[in-house]
**Student:** 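Dumping the structure here so I can ask a few things about it.
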Number of protein chains: 2
Amino acid sequence: MASRAKATILDIAREAGVSKSTVSLVLQGSGLIRPETATRVRKAIEDVGYVYNRGAANLRKAHSNVIGMVINDLTNPFFAELAVGMERVFQAAGVVPFIANTAENPVRQEEVLKSLMEQGVAGLIVSPARGTTPGAFRRIEAAGVPIVFTMRRLPESRIPVIAPDNHRGAVLATEHLIRRGHRRLAFFGGSSDLIVYHQRLGGFIEACETLGIPASDRLIVEGETSRKGGMACLETALAAAQPPTAALCFNDAVAFGVMLALRKRGFEAGADFAVVGFDDVAEAEHYSPALTSVAVNTAGLGERAAHVMLKMIQSRTTRAEDHIGAVSLVVRESSGPDRNSQVGDAA
Amino acid sequence: MASRAKATILDIAREAGVSKSTVSLVLQGSGLIRPETATRVRKAIEDVGYVYNRGAANLRKAHSNVIGMVINDLTNPFFAELAVGMERVFQAAGVVPFIANTAENPVRQEEVLKSLMEQGVAGLIVSPARGTTPGAFRRIEAAGVPIVFTMRRLPESRIPVIAPDNHRGAVLATEHLIRRGHRRLAFFGGSSDLIVYHQRLGGFIEACETLGIPASDRLIVEGETSRKGGMACLETALAAAQPPTAALCFNDAVAFGVMLALRKRGFEAGADFAVVGFDDVAEAEHYSPALTSVAVNTAGLGERAAHVMLKMIQSRTTRAEDHIGAVSLVVRESSGPDRNSQVGDAA
DNA sequence: CGCTATAAATGGAACGTTCCAATAAATCAA
DNA sequence: TTGATTTATTGGAACGTTCCATTTATAGCG
């Protein structure tokens with residue numbers, strides 16, 4: 001049963017009494033082969049326990065059917081949701097995506113990209129790790145392998161990006177907080193080496209200025225984009241002379257951390273302090289209190305990225321249009337009105 | 001800059017004025033090459049934008065440095081944690097793991113395995129999808145590719161398994177609930193086509209029998225292993241004539257669902273109904289109320305699985321010992337005493 | 001029957017590496 | 001100097017596939 005050396009098409013050919021070329025044609029589903037012959041060959045394939053060697057095949061025909069998905073933080077459920085959206089599209093196209101995690105580490109990212117390239121991937125969908133150097137993808141571009149960035153972009157690069165409208169999302173969320181009567185606002189989490197950070201923070205600031213919140217009433221606290229980071233942000237903010245009464249968080253993970261820290265201090269998110277997240281991961285709806293968040297249609301973005309990639313491969317181009325996905329604010333319990341304010345805006 | 005046809009070692013050889021063999025040796029870091037020659041070759045490699053073709057190389061030297069990780073549900077943070085543990089080990093060994101998601105679908109799993117095999121992986125770490133047929137891995141075994149199962153096993157297979165002590169974990173959790181005075185107990189979630197289910201349920205039943213809870217006071221509700229499944233389980237249970245006062249859940253996702261459903265009905269987990277989860281995902285500690293759960297040392301299991309795999313590859317064997325990881329119960333807030341019971345056991 | 005047209009199957013070169021055996025150059029011992 | 005040894009380098013065959021150009025078999029037609 002266990003064959004010593006692995007079988008090749010030559011073994012199949014011998015077994016079925018045909019030539020290797022015939023076997024190859026059967027493998028490719030060519031109509032040139034007489035059905036009975038094809039059946040015989042397929043039986044032989046089963047009998048010898050043949051495994052197709054894609055590496056050998058790629059040697060002749062160039063690109064493969066594998067696409068690499070390089071993700072900066074697999075433990076963030078947001079990225080798992082994104083991956084699921086992509087997989088749906090790829091599966092339908094008969095493409096298998098291989099996922100690799102960089103754990104937000106540019107060195108690891110380098111290794112992962114190298115390995116994927118050596119494997120001969122047809123394309124790469126990447127959410128770059130923080131601190132990725134601008135030149136990190138030059139080699140890959142030069143090799144003519146299509147790349148699509150998701151969620152994050154790099155400073156000066158012509159690689160297409162699929163991302164939500166971060167600026168608009170932050171504006172929506174900030175306006176919401178201000179309409180609820182909050183006058184001292186904070187922006188929690190993230191760090192300025194991320195373009196996404198500037199986009200979201202920019203929306204926050206713009207909304208503040210439009211609606212008359214002066215810079216002196218705004219508090220900006222950078223921090224890790226994790227629960228732990230969120231907890232730290234809240235502690236920092238509460239230590240201020242005039243602490244904020246509401247915060248827009250860089251993402252939902254930070255928001256969960258903030259809510260946790262509030263509870264530890266005996267406060268309740270929504271009643272004592274308003275919290276708004278960003279991304280609207282599945283958990284947001286099921287948290288206690290339920291988290292108000294900016295919904296970015298995560299799975300939809302994943303699908304979009306996959307479609308763009310397939311199109312690029314098909315038309316063998318390395319460029320494509322950016323896609324900025326629409327966002328919406330999902331208001332739940334965590335963003336109640338300021339208790340000292342008369343304004344009881346329901347929306 | 002963008003080279004038309006991709007460069008090969010022959011191009012490098014021409015560029016550096018050496019033979020292809022020399023280039024190959026440099027690529028492999030052989031000490032046989034004079035340092036100055038090596039430097040010259042390395043420069044040429046940079047200049048022509050060379051990408052190593054692992055497929056071609058594998059044609060000669062058999063096994064590659066890629067390992068496939070096949071996971072049945074990437075959106076369950078538990079598996080992300082498991083993956084992270086594995087990656088730590090593999091990275092140190094210079095191996096790149098490619099992760100593929102089967103979304104609990106045996107057909108998809110088949111495709112994914114096929115693709116991984118065609119790619120020539122050195123080994124496979126698999127958490128099999130529910131409903132996997134016993135023969136699904138026979139071809140792979142026959143091909144001599146080492147496989148390690150994690151978390152789940154298949155009915156009749158000699159493939160090594162790395163998993164927590166599910167039976168013991170369930171016993172610990174159930175004893176805990178009974179000591180807290182609960183006399184009507186439920187087991188929520190999971191389905192009987194999973195061996196893990198029988199292990200955990202078996203522990204539950206054993207503890208009940210040992211401590212004198214009759215079958216008539218036990219309620220077993222199968223269900224999806226997700227939040228939604230947990231919510232449904234609770235609804236079913238509360239509709240019973242003599243509803244339980246405590247439940248051991250198949251995993252943490254189910255437990256979160258149960259707690260959510262409790263809250264929707266105005267009950268509080270821990271005070272009105274005791275809930276215990278299984279797996280102890282990171283979120284359990286940060287939930288409200290914090291979830292009592294059976295800790296399985298997820299990342300540790302991942303590391304262990306990776307180590308076993310590396311050992312198997314190294315010693316080119318296809319067998320290895322099973323590993324049953326120790327478990328412990330982490331008591332938090334969700335598993336308070338039965339309110340009608342006098343027993344106030346603190347442990 | 002001979003001829004062409006079509007269908008089915010085939011041999012061989014090529015793809016980009018590795019590795020063995022062989023060569024060439026440098027060093028050493030006598 | 002010569003042969004032996006060591007150090008660097010090299011050509012060529014092999015790996016398992018694809019695909020082009022052929023060959024062989026089958027059918028069609030007058």
**Student:** Could you pick out which residue, A/G31 or B/G55, lies toward the 5' side of DNA chain C when each is mapped onto its nearest nucleotide?
**Tutor:** A/G31
**Student:** Using modelled atom types and a 3.5 Å cut-off, is there a donor and acceptor pairing between side-chain atoms of A/Q28 and backbone atoms of A/S24?
**Tutor:** yes
**Student:** Have A/T318 and A/E141 got a donor and an acceptor in their side chains that come within less than 3.5 Å?
**Tutor:** no
**Student:** Classify B/S24 by what it touches in the nucleic acid, base, sugar-phosphate, or nothing, heavy-atom distance under 4.0 Å.
**Tutor:** base
**Student:** Please report the interatomic distance CZ(B/R40) to OG1(B/T22), rounded to the nearest 0.5 Å.
**Tutor:** 9.0 Å
**Student:** For the atom pair CG (A/N105) and OG1 (A/T132), what is the distance rounded to the nearest 0.5 Å?
**Tutor:** 9.5 Å
**Student:** Please tabulate, one pair per line, each protein N/O and nucleotide N/O from nucleotides 21-27 of chain C that are separated by under 3.5 Å, including the distance.
**Tutor:**
none

**Student:** Between P on C/dA9 and CD1 on A/I9, what's the gap in Å once rounded to a whole number?
**Tutor:** 16 Å
**Student:** Per the atom types in the model, does the base of C/dG11 pair as donor or acceptor with the side chain of A/S19 at under 3.5 Å?
**Tutor:** no
**Student:** By nearest heavy atom, map B/A56 and B/L25 onto DNA chain D; which one lands nearer the 5' end?
**Tutor:** B/L25
**Student:** If an axis is fit to five pairs at each end of the helix from C/dC1-D/dG30 to C/dA30-D/dT1, what is the angle between the two, to the nearest 10°?
**Tutor:** 50°
**Student:** Is any side-chain N of the basic residue among B/E104 and B/R152 closer than 4.0 Å to the acidic one's carboxylate O?
**Tutor:** yes
**Student:** For the CG atom of B/D322 and the CZ atom of B/R319, what is their distance to the nearest 0.5 Å?
**Tutor:** 11.0 Å
**Student:** Using heavy atoms to find the nearest nucleotide of DNA chain D for B/A38 and B/R60 separately, return the residue whose nucleotide is more 5′.
**Tutor:** B/A38
**Student:** Please check: side-chain N/O of B/S315 versus main-chain N/O of B/K311, any donor-acceptor pairing under 3.5 Å?
**Tutor:** yes
**Student:** Quick one: how far along DNA chain D does chain B reach, first to last nucleotide 5' to 3', anything under 4.0 Å to a heavy atom?
**Tutor:** D/dA8 to D/dG16
**Student:** What distance separates B/F149 CZ from B/I195 CD1, expressed to the nearest 0.5 Å?
**Tutor:** 9.5 Å
**Student:** Rounded to the nearest 0.5 Å, how far does CG of A/L74 lie from CD1 of B/I99?
**Tutor:** 5.0 Å
**Student:** So how far is it from B/M309 CE to B/L124 CG, rounded to the nearest 0.5 Å?
**Tutor:** 7.0 Å
**Student:** In whole angstrom, what separates A/K20's NZ from C/dT10's P?
**Tutor:** 10 Å
**Student:** Applying a 4.0 Å non-hydrogen cut-off, can you work out what B/S21 is touching in the nucleic acid: base, sugar-phosphate, or nothing?
**Tutor:** base
**Student:** Assess the side chains of A/E87 and B/N101: does a donor N or O sit below 3.5 Å from an acceptor N or O?
**Tutor:** yes
**Student:** Rounded to the Å, how far apart are A/R34 CZ and C/dT10 C1'?
**Tutor:** 14 Å
